[in-house]
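Computed from a prediction, not measured in an experiment: that's the story for all the values here.
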Protein chains: 2
Amino acid sequence: MKPKTRTRAVPTGRPRMEDVARLAGVSLVTVSRVLNTPDAVAAPTRQAVMEAVRRIGYVPNLTAGALAGSRSRIIAAVVPTIANSIFADTVQGLSDRLEGEGYTILLGQTGYDAGRERSLVTAMLGRRPDALMLVGAPLSAATGRLLAAAKIPIVQTWEMVRRPIDHVVGFSNAAAGRVVAEHFVARGYRHVRFVGGADARSKARQAGFDAALRAAGMTPLPAVTVPSPGTLGHGRDALCRVLDEGGPTDALFFSTDVLAIGALLECQRRGIAVPGRLAIAGLGDQDLAREMVPPLTTVRISGLEIGRRAADLLLDAIAGRRGGAQRIDLGVQLIERATT
Amino acid sequence: MKPKTRTRAVPTGRPRMEDVARLAGVSLVTVSRVLNTPDAVAAPTRQAVMEAVRRIGYVPNLTAGALAGSRSRIIAAVVPTIANSIFADTVQGLSDRLEGEGYTILLGQTGYDAGRERSLVTAMLGRRPDALMLVGAPLSAATGRLLAAAKIPIVQTWEMVRRPIDHVVGFSNAAAGRVVAEHFVARGYRHVRFVGGADARSKARQAGFDAALRAAGMTPLPAVTVPSPGTLGHGRDALCRVLDEGGPTDALFFSTDVLAIGALLECQRRGIAVPGRLAIAGLGDQDLAREMVPPLTTVRISGLEIGRRAADLLLDAIAGRRGGAQRIDLGVQLIERATT
DNA sequence: TTGAAAGCGCTAACAG
DNA sequence: CTGTTAGCGCTTTCAA
């Protein structure tokens with residue numbers, strides 16, 4: 001035999017569809033059909049193929065399938081950070097809904113860094129995902145262009161982005177700030193301050209908070225800025241700073257529950273009466289907010305629900321259901337507990 | 001022209017390598033080289049190609065690359081759950097290390113369910129990842145077989161699995177239980193109990209705990225079992241159960257910090273003195289453990305470090321560095337704080 | 001240093 | 001209902 005068929009590309013060594021076909025005595029296409037559209041194959045044929053699949057332990061190469069077909073059945077998820085973070089809930093919600101539908105999640109973290117976000121998004125788009133979920137707005141215009149050029153369904157979450165790329169599932173961060181401000185005003189607090197990170201969502205919360213205070217004829221004290229992602233330690237530090245300054249502050253709105261709880265614990269340590277001497281409110285309504293002693297006043301946001309709704313939206317968009325870009329506002333709800 | 005070249009497969013419409021090649025006036029292979037092994041291409045050629053890439057906004061199709069080449073540059077991560085979980089740290093550590101090396105993370109959650117784990121692993125292996133990280137032992141033998149047959153580097157984490165598939169990065173859960181038991185004994189607690197889930201890691205902690213107690217001549221009280229994943233609520237419920245039973249329990253070891261903190265908060269609510277009336281210890285040393293009032297005695301485990309080490313191991317294995325299967329025990333360290 | 005062929009493993013028409 | 005054919009977009013030899 002002339003070695004005309006020199007193997008150029010490197011075979012994987014794993015069983016291929018053709019191996020299954022040979023064992024089952026059918027053609028390769030039939031195997032493909034059994035795996036993808038079983039109803040289009042006669043029952044006996046189908047069983048023979050399934051049996052062959054089992055015997056040789058065949059695991060379909062989805063990469064080859066994605067290349068040949070149109071769909072990759074991959075959904076990309078881009079979050080700022082996943083550890084100790086409320087975004088983990090959103091990823092969970094997304095993945096819970098999607099796994100059952102045969103999708104796999106590609107996860108990436110930006111660490112609130114525009115450069116990292118850009119290279120991350122490039123890498124993810126290189127996998128040709130069928131859709132992509134992103135927390136908030138892109139950190140840079142470059143990332144935004146990449147995303148728009150990808151021509152796949154995209155859902156931005158956690159904020160009602162003003163100029164969304166495509167779909168949005170979130171809530172108004174400004175409204176969240178507003179309800180807390182109005183609550184503080186109603187409770188009679190007069191020297192109130194915002195504590196949060198420098199990221200867009202935090203800034204939006206602050207803007208809504210400040211605006212509502214001004215509308216009530218009050219002047220918000222200067223905000224305290226902490227690093228993102230927020231930690232218990234940052235919340236504690238912020239509280240210390242406020243206390244050290246010795247101003248008249250009587251209520252603090254923290255951009256996240258984690259920050260608020262960090263501060264609340266420091267108050268416990270110092271024996272500062274909450275809300276007697278200082279009122280504290282957070283955002284997120286994590287489990288811990290309800291369980292704290294005293295339980296924390298907060299704005300309820302379900303990260304899980306955001307993820308689920310985002311998944312539903314993407315599933316619909318992939319299937320071509322629904323018309324244009326959806327814009328789902330989950331709303332905000334103040335949970336009044338004992339710290340205010 | 002005879003329509004011999006009917007387009008059977010569906011083109012994506014996105015720019016391809018060939019488009020870049022045409023614009024740059026080189027062949028397709030040269031573009032591939034510029035992107036993968038830039039040093040193998042003359043500088044002027046390289047620049048022309050890069051410029052063309054930029055102009056048409058070319059994003060390489062990594063799926064096609066993975067199929068043609070051997071490596072997918074995908075690492076699969078299988079965790080029980082990601083929300084409110086210490087495993088999120090491990091995923092973060094893994095992803096932090098791997099993203100810089102050009103890898104993308106495929107994330108999947110088993111929800112502590114063997115069936116879900118199996119289909120998840122099948123789906124992931126279908127993507128032909130270059131390596132896979134798994135928390136603990138497979139939930140079923142079927143999954144174990146799938147994994148072993150995949151013939152890719154695999155690292156199991158969070159426990160020193162007895163018969164590992166390949167590499168292991170973790171600690172001895174039994175040792176963790178033991179150090180807590182010894183600490184309880186040394187402190188003079190005599191009526192101690194374990195609280196944890198029904199999962200393997202929790203059971204191992206309990207076994208180590210019970211064994212050390214018996215070695216000290218004590219008889220552990222019956223363990224309290226809670227659902228996995230553990231929540232603050234489960235910790236609280238467990239405490240209530242113990243209290244309702246009205247036994248002589250004077251110290252509780254919770255399988256995770258979350259459970260311990262749930263219980264600790266309930267103690268605060270009920271005005272139960274900790275450790276005066278009841279001692280509490282957890283496992284994980286999460287931020288919150290240190291910040292609690294009083295700060296929680298716990299076993300220090302760095303989920304982040306586990307993820308990082310797992311990533312390093314996989315990177316080495318993919319590159320063919322190191323010899324056989326590694327087995328890294330990160331050890332356990334008791335952090336004595338104020339709850340015991 | 002560059003290019004031409006020959007696949008990687010699968011799906012999508014198309015025909016029978 | 002089943003098989004044949006022609007790619008998906010890229011990476012590899014191998015040769016120049």
**Message:** Categorize Thr12(B) for me: base, sugar-phosphate, or nothing, with a 4.0 angstrom heavy-atom threshold over every strand shown.
**Reply:** sugar-phosphate
**Donor-acceptor pair between Ser140(B) and Glu117(B) side chains, under 3.5 angstrom** = no
**Item:** Thr45(B) side-chain proximity, nearest of dT12(D), dT2(C), dC10(D)
**Value:** dT2(C)
**Protein-nucleotide distance (Arg73(A), atom CZ; dT11(C), atom C1'), rounded to Å** = 13 Å
**Message:** Pick the closest DNA chain C nucleotide for Arg128(B) and for Thr30(B) by heavy atoms, then say which residue is nearer the 5' end.
**Reply:** Thr30(B)
**Prompt:** When rounded to the nearest 0.5 angstrom, what distance separates CZ in Arg201(B) from OG in Ser228(B)?
**Reply:** 8.5 Å
**Item:** Among dT1(C), dC10(C), dG9(C), the nucleotide that comes nearest once only the side chain of Ala42(B) is considered
**Value:** dT1(C)
**Any Asn36(B) side-chain N or O less than 4.0 Å from OP1/OP2 of dT11(D)** = yes
**Message:** Students often get this wrong, so: under 4.0 angstrom with heavy atoms, is Leu62(B) touching a base, only sugar-phosphate, or nothing?
**Reply:** nothing
**Request:** Quickly work out the Leu67(A) CG to dG7(C) P distance and round it to whole Å.
**Result:** 17 Å
**Prompt:** Can you tell which of dC10(C), dT11(D), dA4(C) lies closest to the side chain of Ala68(B)?
**Reply:** dT11(D)
**Request:** Would you mind checking if Asp96(B) and Arg116(A) are paired as a salt bridge, meaning a charged N to carboxylate O distance below 4.0 Å?
**Result:** yes
**Request:** Compare side-chain N and O positions of Ser32(B) against OP1 and OP2 of dT12(D) and report whether any pair is under 4.0 Å apart.
**Result:** no
**Message:** Could you tell me how far apart Arg16(B) (CZ) and dG7(D) (C1') are, to the nearest whole angstrom?
**Reply:** 11 Å
**Request:** In plain terms, say whether Arg73(B) and Glu101(B) are close enough for a salt bridge, that is, a side-chain N and a carboxylate O under 4.0 Å apart.
**Result:** no
**Asked** When the distance from CG of Leu28(A) to P of dC10(C) is rounded to whole Å, what number comes out?
**Response** 7 Å
**Item:** Met17(B), nearest nucleotide to its side chain (from dG3(D), dG9(D), dC10(D))
**Value:** dC10(D)
**Asked** Once you round it to whole Å, what is the distance between P of dC10(D) and CZ of Arg71(B)?
**Response** 15 Å
**Prompt:** Starting at CG of Leu35(B) and ending at C1' of dT12(D), how long is that distance when rounded to a whole Å?
**Reply:** 16 Å
**Request:** Write down the distance between CG (Asn61(B)) and P (dC8(C)), rounded to a whole number of angstrom.
**Result:** 18 Å
**Request:** Select from Arg33(A) and Val29(B) the residue whose nearest nucleotide in DNA chain C is closer to the 5' end of that strand.
**Result:** Val29(B)
**Message:** Over all strands shown, is Val41(B) touching base, sugar-phosphate only, or nothing at heavy-atom distances under 4.0 angstrom?
**Reply:** sugar-phosphate
**Request:** Could you tell me the separation between the CZ atom of Arg127(A) and the C1' atom of dC10(D), rounded to a whole number of Å?
**Result:** 13 Å
**Request:** Verify the distance criterion only: is there a donor paired with an acceptor across the side chains of Thr122(A) and Ser119(A) at less than 3.5 Å?
**Result:** no
